[in-house]
Structure formats: structure tokens, C-alpha cells
Q: 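Submitted below is the structure of interest, expressed as C-alpha cells.
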Amino acid sequence: MKSTYSVAELYEKKPIGEFVTLSGWVRTFRSNRFISLNDGSTVSNFQCVLDYEKFDDTLLKKINTGTCLTLKGKIAESPGKGQPIEMLVESVEILGESDPEKYPLQPKKHSLEFLREIAHLRPRTSTFGAVFRVRHHLAYAIHDFFNRNGFFYIHSPIITASDAEGAGELFNVSTLDKKNIPLTEGGEVDFSKDFFGKEANLTVSGQLEAELLAMGLGKVYTFGPTFRAENSNTTRHLAEFWMIEPEMAFYQLSDNMELAEEFLKYIISYALEKASEDLRFLDQRLADEEKSKPTDQRSMPLLEKLHFVLENPFARITYTDAIDILLNSSYHRKKKFQFPVEWGIDLQSEHERYLVEKHFKTPVIITDYPAAIKAFYMRLNEDEKTVRAMDILVPGIGEIVGGSQREERYDVLLQKIKQFGISEHSLWWYLDTRKFGTCPHSGFGLGFERLVQFVTGMSNIRDVIPFPRTPGNCEF
RNA sequence: UCCUCCUUAGCUCAGUUGGUUAGAGCACCUGACUGUUAAUCAGGGGGUCCCAGGUUCAAGCCCUGGAGGGGGAGCCA
């Protein structure tokens, strides 16, 4: 018979009368009698009761917030109101002491900004425990969804020599001696002397490589780290983040949209099922936070929002229709938009927010953007002005998915590459797939941390990844 | 990178028109109490007022520069 349990297992099995072993970290120690213990298996703490007259004072003094303990004792029904069962402690082993004068976490509410500075300890708080457990379930759900639907998980390279999308600043990967950098005759850095014999960077996207695999394996996806050296200081950007990029042969844009919607709904319903206790906690946390805001600025309660997304179809409109809606809006007539609206502009945050939060009040898929504001690889429409792009916008976060049908026609793609000023030579392998057995295909990218933000209701992206990397911040 | 707000005890924050020894709640320490739920009650310790310079008889408060953080924007996922 097993006698070592996690807190989650104790609450599930309620082994009343059984002598068990339990390990965890002390949240509070009340009345010299009640230890509130958490082991990370669930957001709930477990009450362990000890008779202080039976234990040494020097031992009791070591039971403080943060102390790590192994307790042995019998499980009994709890006469108190806060919990169904509790442990009547018979032995206490101190695994790790915690000096209460110096331990920064207290049994009280801390600001997220303060906890960010002690990111090595914040996994011991209720909020971050819940966030990281939900993050796990979401990651697992993503693999589960693709596996059930016939996708193959592929590993695209982390180090690449191509700035695939031509977008954003790159992190350089080099083993050159920084104090003695070899130069060419023209005074440029001589990357032929570098480790790879050419300039190399951390990947900004696995998409181009995923396309190569899709045109052999059919349906594939990547799920890996991505790096952008942008000087972005916002609540929704990281220098290192995780991205999911499915890529499907023989998928048109409409198939792509259907997949993306089904995918998001599957993941959310999986999280609601597997992490219901954590999501209830996060729902309450958000509600408490929203109390300090004026009524008209409050967002929808977390659980209500998630159910709403599950139960309603995403709105689908073209970019051209979106511009019309914006032009006909009362916001536009009253000149509430800071940026002008006209066909051809890149939609600003305020425009996206109006469409999602005011007009449709549901996630929105916008398609067929002007070719000039989208990447070179997106398939050109018959009007030769727009491309088969799709962005999914959600309330609070904005863009969570960006995807497209890919340009499969060799001549059109080559012309676009030249137009965008990209060296065709560096993409010879990408062009080859259009030369040999090309086919219509589509895919999209989902920012994992933005998904975690959406599901947990955390407003800053730095609070949904254990150790965030942002400009000027690489601690831990 | 731009705009804006902030920086006072371990944490969250107050500090009036520039004026004596800089305050509160929580945390911590000591004691009392002991079936509590962020326990309660009494007492105590704890400060480079972000840094540097300036104005003034006098600066936490005013001025200049810098650093760090929050929110918004851009770039994007």
C-alpha cells in the first residue's frame, strides 16, 4: 500500500484513517498548531495539525513560511471549516529551513512587479503555481490535438543562416573572438571564418522549414523557442518565446481558418477540464484585481470569457470589410481613432480592439490583407492586390494567430522575393519545393505565451513564462 | 525606440505651503493566548527617503542629469 501522497492525491482519495507521508513547503504556521502546506500538485494547501506540547520548541521555531518539510501522520476528517480533511502529525522532518527575517515571501498579497524580481521564488506562490500548471496543460493539449488529427511533430532548427521572414532584429550566433574580429578587405565582418562559415542567427520562425516537411509528410507542426532581438517593451512581447506553427499540404485558406478555430477551442476546453481548480483560482484573482477599476473598464470574468469563446463561432471578415466597418463606425465619425483609417493601412491596436471588443465582441478572423503589408510568402489573390492571409484577434491580447495560404507558384514567388529585396540565392531550397511537385498549402503561427495569457487572464506576458527574457533583463 | 506615470522600512503605501527627532498597515522579534483559516492581544527593533549635482538659513518635497520599474504606442506572435 502506497503511503506517500501529493496534496492533490490526498484530496482526491481522502484516505481517512491511513498513516501517510507528505512533503511540501510551509505557507503559514498558525497558532503554533496548524501548518498550511503546499507541494505544488494543486493550488490548494493541506492543513497539518500538530500538538505543540509533543514537539521540541527548537523544532517548532524552525517551522516558518518557506520551510520545506516531510510530515508523517494519520489522515482525519477536519473539524475546521476551511478543508474537508487534515493530517494529525506524528513526526516532522525539516528538509530545508527558511529564515523568516530574510525570506521575501509572506502570507499576504504581493505585487506582480515585486514577484517578477524574485522569479526564482515565485513558483511557490498560488498565482504562479496556477499559471504554470495551466501552461503545462495547454502545452500538452496542443500536442494532443495535433496527434489526434494526424499531424507529425517536427523539430525545426534553432540556429539558422536565413532571416526567413525578413522581419525583426536577429540574435547573432558566433564563436568569433570579440576582441579580434576578422574583417574582409572591404572592412566587413568576415563570417567565412566563423563557426558555420557564414553568418548565423537564432531562429525567428520555423515556418519555412515546416513547409519543407509538410511537402513530404503532409501535416506537420513545430512547437519550439523563437527569438527576436526587437527593443520591444510591452506587456505582450518577449525576446525569447515559444511558438506553435502547423503547416498543412493541400489546405486552402478556408481549411486553415477552420483548423485554427477548432484548434483554439479544443485547447481551451481541455484546459477547462484539466485545470478547472487553477482556472477558478485565476478567475477569482482577476475579479479581485478588476474591483479596483472603474465599472466601464472591467473585462469579462475569466471563466465566462473562456466559455463564451467556446460556444460562439469566430467572426470572419475580409480586411476590406474590416476597413468599411471602421469607416462607418461611430468612433470614426466622432474622430476617436488616433490613427487615420483607409484601405491599405496596417490595422492599429485601437482598430483591432474596436473590431474585437466593441463591434463583434468575439474573436475575429480577418483575411485577405493588402499584399504590401504582409510577408512575401503569402499567396497572391486574383485581384493581385491582396494576399490569402488570416489573423485571429482576441479580446485583451490582440493578435494571437497569424497565418496564410502560401504562394505555391514558382514564378509568382520568385517575383515577390525580388520585390521584397530578399536574396533568392539564400532561399534556393525554399524555391526548390515550388520547382518540384509544388502544391497548395497553408499554415499559421500561434504565440504560446499569448495563448497562456488569454487563458489565465494574466495581463503581462512576463508573468506567464518562468524566466522572461526582455530588453535589459536576462536574470536567472 | 517614443509618450506618460512612479521610485520613502522586508512588502504595500501616506507624508500638507520647503521648517524640530520621517509615519501607518502587514511582515519580523519578545511575551500572552491556543482548533486556527492571511489567528488574536500587548510591547519592541527596523530608513543611503533610487543615484549624482544644484537652489536655499533649511530639501523626502523645488531644479538639472542619470538609473530602475509600471502603463500606453510602434515592431509583432
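Letters A, B, ... mirror the listed sequences (proteins, then strands); counts begin at 1. Since the structure is predicted, the reported quantities are computational estimates derived from the model, not experimental observations.
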Q: Of the nucleotides B:C29, B:G35, B:G10, which one has an atom closest to the side chain of A:K108?
A: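 Nearest listed nucleotide: B:G10.
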Q: Below 4.0 angstrom from OP1 or OP2 of B:G71, is there any side-chain N or O of A:R236?
A: no
Q: Using a 4.0 Å heavy-atom cut-off across all strands, classify A:E86 as base, sugar-phosphate, or nothing.
A: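 Base, at least one base heavy atom under 4.0 Å.
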Q: Validate the cation-pi geometry between A:K361 and A:F308: distance from NZ or CZ to the six-membered ring centre under 6.0 Å, angle to the ring axis within 45°.
A: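 That pair does not qualify as a cation-pi contact.
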Q: NA contact type, A:E449, heavy-atom cut-off 4.0 Å: base, sugar-phosphate, or nothing?
A: nothing
Q: Checking all strands, does A:L451 fall into the base, sugar-phosphate, or nothing category for heavy-atom contacts under 4.0 angstrom?
A: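 Nothing, no heavy atom under 4.0 Å.
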Q: Name the closest nucleotide to the A:D346 side chain, picking from B:C28, B:C75, B:C11.
A: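 Closest of the options to the side chain of A:D346: B:C75.
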Q: Is any side-chain heavy atom of A:V20 less than 4.5 Å from a side-chain heavy atom of A:M87?
A: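 Of all side-chain heavy-atom pairs linking A:M87 with A:V20, at least one is under 4.5 Å.
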Q: Which residue lies toward the 5' end of RNA chain B, A:P107 or A:R462, if each is placed at its nearest nucleotide?
A: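 Taking each residue's closest nucleotide, the earlier one in sequence belongs to A:P107.
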Q: In residues 70-81 of chain A, which residues come under 4.0 Å of RNA chain B by heavy atom?
A: A:S78, A:P79, A:G80, A:K81
Q: Mind checking A:T65 for me? I need base, sugar-phosphate or nothing, with any heavy atom below 4.0 Å counting as a touch.
A: nothing
Q: If you compare all heavy atoms of A:L286 against all heavy atoms of A:G457, which two are closest, and at what distance to 0.1 Å?
A: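 Taking A:L286 first and A:G457 second, the nearest heavy atoms are CD1-O, 3.6 Å.
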Q: Could you tell me if A:K374 sits above the aromatic ring of A:Y369, with its cationic atom closer than 6.0 Å to the ring centre and no more than 45 degrees from the axis?
A: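 Yes - A:K374 lies over the ring of A:Y369, closer than 6.0 Å to its centre and within 45° of its axis.
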Q: If you compare every side-chain N and O of A:Q47 against the phosphate oxygens of B:U37 (OP1, OP2), does one of them come in below 4.0 Å?
A: no
Q: Looking only at N and O atoms, is any donor in the side chain of A:E117 or the base of B:G69 less than 3.5 Å from an acceptor on the other one?
A: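 For A:E117, whose side chain was compared with the base of B:G69, there is no donor-acceptor pair (under 3.5 Å).
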Q: Ignoring backbone atoms, test whether A:N460 places a side-chain nitrogen or oxygen under 4.0 Å from the OP1 or OP2 oxygen of B:G71.
A: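 Checking B:G71 against A:N460, a side-chain N or O does come within under 4.0 Å of OP1 or OP2.
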Q: Would you say A:R353 reaches B:A73's phosphate, i.e. side-chain N/O to OP1/OP2 under 4.0 Å?
A: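 True: A:R353 side-chain N/O within range (under 4.0 Å) of B:A73 OP1/OP2.
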Q: Between B:A52 and B:C75, how far apart are the P atoms? Round to whole Å, please.
A: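 Rounded to whole Å, the distance is 40 Å.
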Q: Using the side-chain heavy atoms of A:T234, tell me which of these nucleotides is nearest: B:C11, B:C75, B:C28.
A: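 Side chain of A:T234 sits closest to B:C75.
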Q: Check A:R236 with A:E449, please: is the shortest side-chain N to carboxylate O separation under 4.0 Å?
A: no
Q: Any base atoms under 4.0 Å from A:Y103, or only sugar-phosphate, or nothing? Heavy atoms, all strands.
A: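 Touches nothing.
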Q: Between A:R116 and B:G70, does any side-chain N or O lie under 4.0 Å from OP1 or OP2?
A: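 So the side chain of A:R116 is within the cut-off, an N or O lying under 4.0 Å from OP1 or OP2 of B:G70.
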Q: Tell me which nucleotide among B:G69, B:C29, B:A38 gets nearest to the side chain of A:E113.
A: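 For the A:E113 side chain, the nearest candidate turns out to be B:G69.
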Q: Please list, in numerical order, the residues of residues 25-38 of chain A that have a heavy atom closer than 4.0 Å to any atom of RNA chain B.
A: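 Hits under 4.0 Å, by residue number: A:T28, A:R30, A:S31, A:R33, A:F34.
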Q: Are the side chains of A:V387 and A:D368 in touch, meaning some heavy atoms are under 4.5 Å apart?
A: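 A side-chain contact under 4.5 Å is absent here.
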Q: Among B:A27, B:G35, B:U37, which nucleotide has an atom closest to any side-chain atom of A:Q83?
A: B:U37
Q: Based on Watson-Crick and G-U pairs with both distances under 3.5 Å, what dot-bracket line describes RNA chain B 5' to 3', crossing pairs as [ ] and inter-strand pairs as |?
A: (((((((..((((.....[...)))).(((((.......))))).....(((((..]....))))))))))))....
Q: Taking the cut-offs as 6.0 angstrom to the six-membered ring centre and 45 degrees off its axis, would you call A:K336 and A:Y331 a cation-pi pair?
A: yes
